[in-house]
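Encoded as structure tokens, the structure appears first; notes follow it.
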Amino acid sequence: DARVTQTPRDKVTEMGQEVTMRCQPILGHNTVFWYRQTMMQGLELLAYFRNRAPLDDSGMPKDRFSAEMPDATLATLKIQPSEPRDSAVYFCASGSLAGGPYNEQFFGPGTRLTVL
Amino acid sequence: AQSVTQLDSHVSVSEGTPVLLRCNYSSSYSPSLFWYVQHPNKGLQLLLKYTSAATLVKGINGFEAEFKKSETSFHLTKPSAHMSDAAEYFCVVTRDDKIIFGKGTRLHILP
């Protein structure tokens with residue numbers, strides 16, 4: 001049963017600390033997305049990659065956030081330094097371009113980040 | 001520019017009655033349209049998608065949506081609500097390399 005995995009599932013940290021969230025996309029998927037969800041802002045697209053290259057990261061605060069895909073099986077989202085306003089659930093999703101520009105995105109279970 | 005508007009932030013229906021969740025979009029060209037569902041403390045799951053084939057799209061769990069170009073709408077419906085349908089629903093429009101999510105509609109099912 002192929003699925004997107006995210007680690008950690010929960011993270012509590014103190015303001016100023018570095019946070020790294022990891023995502024393993026479904027094998028064979030060539031598009032990876034990072035989203036942030038909060039009660040106030042709803043679901044926001046932060047960045048996405050196609051074939052490991054960043055395609056759009058306009059939704060991501062550049063001063064403290066960075067997203068990378070070191071290889072096809074791992075995507076990372078880093079926050080340095082973290083701030084309380086970064087508290088949110090961060091979702092990773094993966095998808096395939098086969099058959100058209102956009103197909104279904106498969107979402108991971110999310111990482112719940114709390115910055116104190 | 002593309003945009004998507006979910007007209008209701010909350011919808012409450014009684015179990016066994018029809019469900020209507022409204023979505024309007026704005027796109028300069030023919031978009032792809034999706035509905036996703038998010039159950040509490042879970043990731044999003046695709047319900048259905050429209051990609052310029054049949055205008056009436058059937059999805060999982062008895063949901064369907066109709067693409068109406070003249071009304072720029074893609075409303076989600078289900079003939080009979082079930083308690084397990086209580087969740088948040090997102091309408092999504094994509095075109096080229098842009099992906100726009102609606103703000104979401106929370107569906108409440110009354111016993």
Side-chain angles (χ1 to χ4, degrees), chain A residues 1-7 9-10 21 23-26 29-51 53-60 88-112, chain B residues 1-10 21 23 25 27-54 57-61 63 65 67 74 87-106:
Chain A
D1 181 27
R3 61 183 66 189
V4 176
T5 57
Q6 290 186 248
T7 56
R9 292 294 309 277
D10 282 281
M21 290 169 273
C23 168
Q24 183 172 8
I26 291 173
H29 281 187
N30 59 354
T31 311
V32 173
F33 305 82
W34 281 105
Y35 294 91
R36 175 171 64 184
Q37 187 174 40
T38 62
M39 290 293 293
M40 293 297 294
Q41 299 297 326
L43 194 67
E44 303 172 277
L45 176 64
L46 295 175
Y48 71 98
F49 293 77
R50 180 180 297 163
N51 297 323
L55 203 61
D56 184 355
D57 61 2
S58 58
M60 197 167 66
V89 180
Y90 291 81
F91 288 103
C92 173
S94 72
S96 168
L97 292 177
Y102 283 106
N103 284 299
E104 176 177 2
Q105 292 184 42
F106 293 81
F107 281 75
T111 294
R112 183 176 298 277
Chain B
Q2 298 178 108
S3 67
V4 58
T5 303
Q6 292 185 242
L7 296 157
D8 306 293
S9 58
H10 293 265
L21 305 183
C23 172
Y25 70 92
S27 178
S28 303
Y29 305 97
S30 296
S32 294
L33 295 158
F34 303 77
W35 276 100
Y36 283 83
V37 61
Q38 184 180 26
H39 288 94
N41 300 313
K42 301 284 188 184
L44 279 70
Q45 179 186 17
L46 181 71
L47 273 179
L48 50 80
K49 66 180 179 182
Y50 166 79
T51 54
S52 77
V57 182
K58 293 188 184 299
I60 62 171
N61 301 336
F63 284 93
F67 173 70
F74 190 57
E88 187 150 23
Y89 293 79
F90 293 91
C91 182
V92 181
V93 60
T94 69
R95 172 67 189 179
D96 297 326
D97 290 329
K98 294 297 181 186
I99 305 168
I100 308 293
F101 274 74
K103 296 290 187 185
T105 298
R106 187 166 296 279

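Protein chains get the first letters and strands the later ones, always in sequence-line order, with residue 1 at the start of each.
Heavy-atom distances place no part of A/F106 under 4.5 Å from chain B, backbone and side chain included. Contact annotation for B/K42: only backbone heavy atoms (N, CA, C, O) come within less than 4.5 Å of a heavy atom of chain A.
In this structure, B/F90 and A/Q37 approach most closely via the heavy-atom pair CZ-NE2, 3.7 Å.
If you tally non-hydrogen atom pairs under 4.5 Å between each of B/I100, B/L44, B/V92, B/N41 and chain A, the highest count goes to B/L44.
For the atom pair OH of B/Y36 and CZ of A/F107, the computed distance is 5.5 Å after rounding to the nearest 0.5 Å. The CD atom of A/Q105 lies 13.5 Å from the CD atom of B/Q45; values are rounded to the nearest 0.5 Å.
For the pair A/L43 and B/Q38, the minimum side-chain heavy-atom distance is 4.5 Å or more.
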